[in-house]
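Heads up, the thing below is written out as structure tokens.
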Amino acid sequence: MTQPLIDKSAKAAPLACFTAAGWELAAKREPATTRAWAAAQGFSARPGQVLLLPDASGKPQRALAGLPEPADLWSYAAIAAALPAGDYQFATAPADPSAAALGWALAFYRYERYRKPAGKAAARLVWPAGANQARVRALYDAIALARDLINAPSNDMGPAELAEAAQNVAKQHKAECRVISGDALLKANYPLIHMVGRAASKARAPRLIDLRWGKAGAPKLTLVGKGVCFDSGGLDIKPSSGMLLMKKDMGGAAIMLGLAQAIMALKLPLRLRLLIPAVENAISADAFRPGDIVKSRKGLTVEIGNTDAEGRLILADALAEADGEKPDLLLDAATLTGAARVALGPDLPALFSTDDTLAEAMLAAGRAEADPFWRLPLYTPYREYLDSKIADINNAGDTPFAGSITAALFLRDFVTETKAWAHLDVYAWTARPKAGRPAGGEAMGLRALLHMLERHFR
């Protein structure tokens with residue numbers, strides 16, 4: 001974890017945070033000189049606005065900052081980013097000290113693997129009273145891990161490197177991590193994962209990453225994350241503009257690995273399994289073709305309607321494996337469809353679930369954590385769009401409509417034994433930078449999922 005959060009500081013300036021209405025009342029109790037200074041600087045406690053109050057020598061004595069109503073972690077990230085370097089401590093405890101601390105820390109996240117670090121001193125915050133330091137650290141580390149993995153370019157983040165990242169997390173938390181690679185996937189009956197990744201096999205063999213942690217007898221949670229480390233589209237090749245962000249097509253895997261790390265760090269009372277099918281969807285003489293038919297791990301035959309709908313194929317084998325154990329809860333995350341982004345934009349992951357109680361718990365957690373989801377329907381009549389004349393199911397179907405729903409319906413055919421299943425169609429990317437969320441990879445849904453799991457398995 002970075003060091004913008006400190007245990008104590010004799011030089012920490014008091015930081016008072018107000019809503020606009022709160023400042024209007026508080027200003028009346030301030031000395032006339034303070035009111036005049038605030039007015040001269042145009043301070044009205046707008047969200048993210050800060051004001052330093054000097055002492056007689058001109059050095060900062062206090063700081064004021066504006067918050068929205070209600071405040072969330074990003075509100076505090078905005079304040080942290082606006083303040084000059086120095087040490088600060090809240091004059092009064094925030095309503096949610098942990099959220100304030102996490103937002104403050106995330107304000108200074110940077111991905112600097114390929115360039116010299118800026119070295120700019122950060123505004124440091126004395127840990128707010130009441131903050132759950134262990135949870136804040138676990139969440140920061142999980143988010144930073146997911147962002148780092150997504151931000152890494154594909155030449156340095158292929159299936160092997162993704163597997164290595166999972167093995168490092170497993171080692172850190174004394175978990176088991178098994179990796180099945182290349183043609184061994186066929187022997188182990190993961191034909192769809194092998195099919196999608198075989199075109200890159202000589203340089204970047206496909207893999208199934210399988211991490212397990214926890215004690216037998218505890219409730220079982222299985223996480224599945226889409227790990228397409230680069231997606232050319234295959235023979236149904238994407239245009240060049242469509243490939244520019246395809247390093248992030250393993251965003252679902254990164255989010256679920258980060259979540260798994262947080263679960264283990266916090267020692268949640270559950271048995272955890274994480275499955276990541278990791279591939280590169282490349283083009284070669286051995287690439288799978290439109291019109292091919294392959295028998296999946298589930299036993300269903302799949303006709304390939306489009307090689308650029310590869311994410312659902314690798315998820316199908318992983319979900320079938322997960323479903324065979326009938327976990328108490330099964331969650332998957334994937335950068336699956338552009339249709340979800342057309343419907344909901346970049347910031348709202350689409351949520352699909354076969355369990356209304358689970359879906360409501362996830363939506364409530366998203367609201368509580370300022371990490372929202374939006375539920376879309378598993379509308380069964382649209383399943384006919386995936387009908388095939390010569391196989392059990394087509395991976396793409398024959399209509400441009402309801403693309404995110406039909407993708408989720410495809411996955412549903414491979415989850416038949418587990419009652420509580422939810423699928424997240426995420427963007428995993430911040431295009432327009434915001435406080436605490438620089439442009440680049442984003443761990444969308446991670447905080448909300450941890451919040452929900454802490455309550456589900458308490």
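Each residue takes its place number in the sequence, starting with 1.
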- What's the verdict on side chain to side chain contact (heavy atoms under 4.5 Å, CB included) for L67 and Y76, showing C-alpha distance, side-chain angles and the deciding distance? CA-CA 8 Å; L67 287 173; Y76 293 97; 3.5 Å; yes

* To do: For the pair K434 and E442, evaluate salt bridge (charged side-chain N to carboxylate O under 4.0 Å, His left out) and give the outcome as yes or no after the intermediate values.
  => CA-CA 12 Å; K434 310 173 185 70; E442 187 52 78; over 6 Å; no

**Message:** One pair to check against salt bridge (charged side-chain N to carboxylate O under 4.0 Å, His left out): R289 and E303. What are the steps and the verdict?
**Reply:** CA-CA 10 Å; R289 297 164 289 265; E303 180 183 9; over 6 Å; no

A side-chain contact here means heavy atoms from C-beta on lying under 4.5 Å apart; do [X] and [Y] qualify?
X: D347; Y: Y427; answer: no
X: L348; Y: W374; answer: yes
X: L424; Y: M362; answer: yes
X: T301; Y: S296; answer: no
X: F414; Y: L315; answer: no
X: L15; Y: I79; answer: yes
X: L336; Y: H423; answer: yes
X: V228; Y: M250; answer: no

Quick one: does any side-chain atom of [X] pair with a main-chain N or O of [Y] as donor and acceptor, under 3.5 Å?
X: D286; Y: A199; result: no
X: R297; Y: N189; result: yes
X: D141; Y: A262; result: no
X: E161; Y: G158; result: yes
X: S388; Y: N394; result: no
X: N151; Y: G440; result: no
X: D236; Y: T307; result: yes

Rounded to the nearest 0.5 Å, how far apart are [atom1] of [X] and [atom2] of [Y]?
X: L223; Y: I255; atom1: CG; atom2: CD1; answer: 11.5 Å
X: R204; Y: S181; atom1: CZ; atom2: OG; answer: 13.5 Å
X: Y88; Y: L125; atom1: OH; atom2: CG; answer: 10.5 Å
X: S232; Y: E280; atom1: OG; atom2: CD; answer: 7.5 Å
X: L257; Y: L211; atom1: CG; atom2: CG; answer: 7.5 Å
X: I237; Y: M243; atom1: CD1; atom2: CE; answer: 4.0 Å

Stepwise side chain to side chain contact (heavy atoms under 4.5 Å, CB included) test for F373 and D425: CA-CA 10 Å; F373 306 119; D425 192 333; over 6 Å; no

**Pair T416-K298, side-chain hydrogen bond (donor to acceptor under 3.5 Å, both in side chains): steps then yes or no** = CA-CA 10 Å; T416 57; K298 190 76 169 178; 2.8 Å; yes

Going by atom types alone, do [X] and [Y] pair a side-chain donor with an acceptor below 3.5 Å?
X: D148; Y: Y109; value: yes
X: R447; Y: H451; value: no
X: R312; Y: T337; value: no

With sequence neighbours excluded, residues passing salt bridge (charged side-chain N to carboxylate O under 4.0 Å, His left out) with D413:
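Residues passing salt bridge (charged side-chain N to carboxylate O under 4.0 Å, His left out) with D413: R383.
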
Of all the heavy-atom pairs spanning [X] and [Y], show the shortest one and how long it is.
X: A282; Y: A200; value: CB-CB, 3.9 Å
X: A146; Y: A254; value: CB-O, 3.5 Å
X: A99; Y: L73; value: O-CB, 3.2 Å
X: V279; Y: P206; value: CG1-CB, 3.7 Å
X: L192; Y: D317; value: N-OD2, 2.7 Å

**Request:** Just do the side chain to side chain contact (heavy atoms under 4.5 Å, CB included) check on L268 and F457 with the steps written out, would you?
**Result:** CA-CA 7 Å; L268 296 194; F457 290 106; 5.6 Å; no

**Message:** Applying the side chain to side chain contact (heavy atoms under 4.5 Å, CB included) criterion to W213, which one of R273, R271, M264 satisfies it?
**Reply:**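 For W213, the side chain to side chain contact (heavy atoms under 4.5 Å, CB included) check succeeds only for M264.
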
- Query: Of the options L331, L411, L275, I276, which is the one that meets V224 in a side chain to side chain contact (heavy atoms under 4.5 Å, CB included)?
  - Reply: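 So the option named by the test is L275.
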
Assess whether atom [atom1] of [X] is packed by more than 12 heavy atoms of other residues, nucleotides or ligands within 6.0 Å.
X: E112; atom1: CD; result: yes
X: R113; atom1: CZ; result: yes
X: Y114; atom1: OH; result: yes

task: For the pair R412 and T380, evaluate side-chain hydrogen bond (donor to acceptor under 3.5 Å, both in side chains) and give the outcome as yes or no after the intermediate values.
output: CA-CA 10 Å; R412 189 183 68 175; T380 299; 3.2 Å; yes

Legend entry - Check against side chain to side chain contact (heavy atoms under 4.5 Å, CB included), L149 and M157: CA-CA 7 Å; L149 293 173; M157 185 50 60; 3.6 Å; yes

- Given W421, which of D323, D332, D355 fulfils the side-chain hydrogen bond (donor to acceptor under 3.5 Å, both in side chains) condition?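 Only one of D323, D332, D355 forms a side-chain hydrogen bond (donor to acceptor under 3.5 Å, both in side chains) with W421, namely D332.
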
query = So T335 and D249, side-chain hydrogen bond (donor to acceptor under 3.5 Å, both in side chains) or not? Walk me through it.
reply = CA-CA 6 Å; T335 51; D249 212 18; 2.6 Å; yes

(request) Decide salt bridge (charged side-chain N to carboxylate O under 4.0 Å, His left out) for R135 and E369; before the verdict, give the C-alpha distance in whole Å, the side-chain angles of both, and the deciding distance to 0.1 Å. (result) CA-CA 13 Å; R135 189 175 187 276; E369 292 285 341; 3.5 Å; yes

Quick check on the 6.0 Å ring-centre criterion: do F410 and Y382 meet it?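 Judged by ring-centre distance (under 6.0 Å), F410 and Y382 do not meet the cut-off.
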
message: According to side chain to side chain donor-acceptor pair (under 3.5 Å), who are the partners of D356, at least two apart in sequence or on a separate chain?
response: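 Residues passing side chain to side chain donor-acceptor pair (under 3.5 Å) with D356: R375.
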
What's the verdict on salt bridge (charged side-chain N to carboxylate O under 4.0 Å, His left out) for D328 and K220, showing C-alpha distance, side-chain angles and the deciding distance? CA-CA 5 Å; D328 296 285; K220 184 167 181 59; over 6 Å; no

Is any side-chain N of the basic residue among E310 and K226 closer than 4.0 Å to the acidic one's carboxylate O?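 Salt bridge: yes.
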
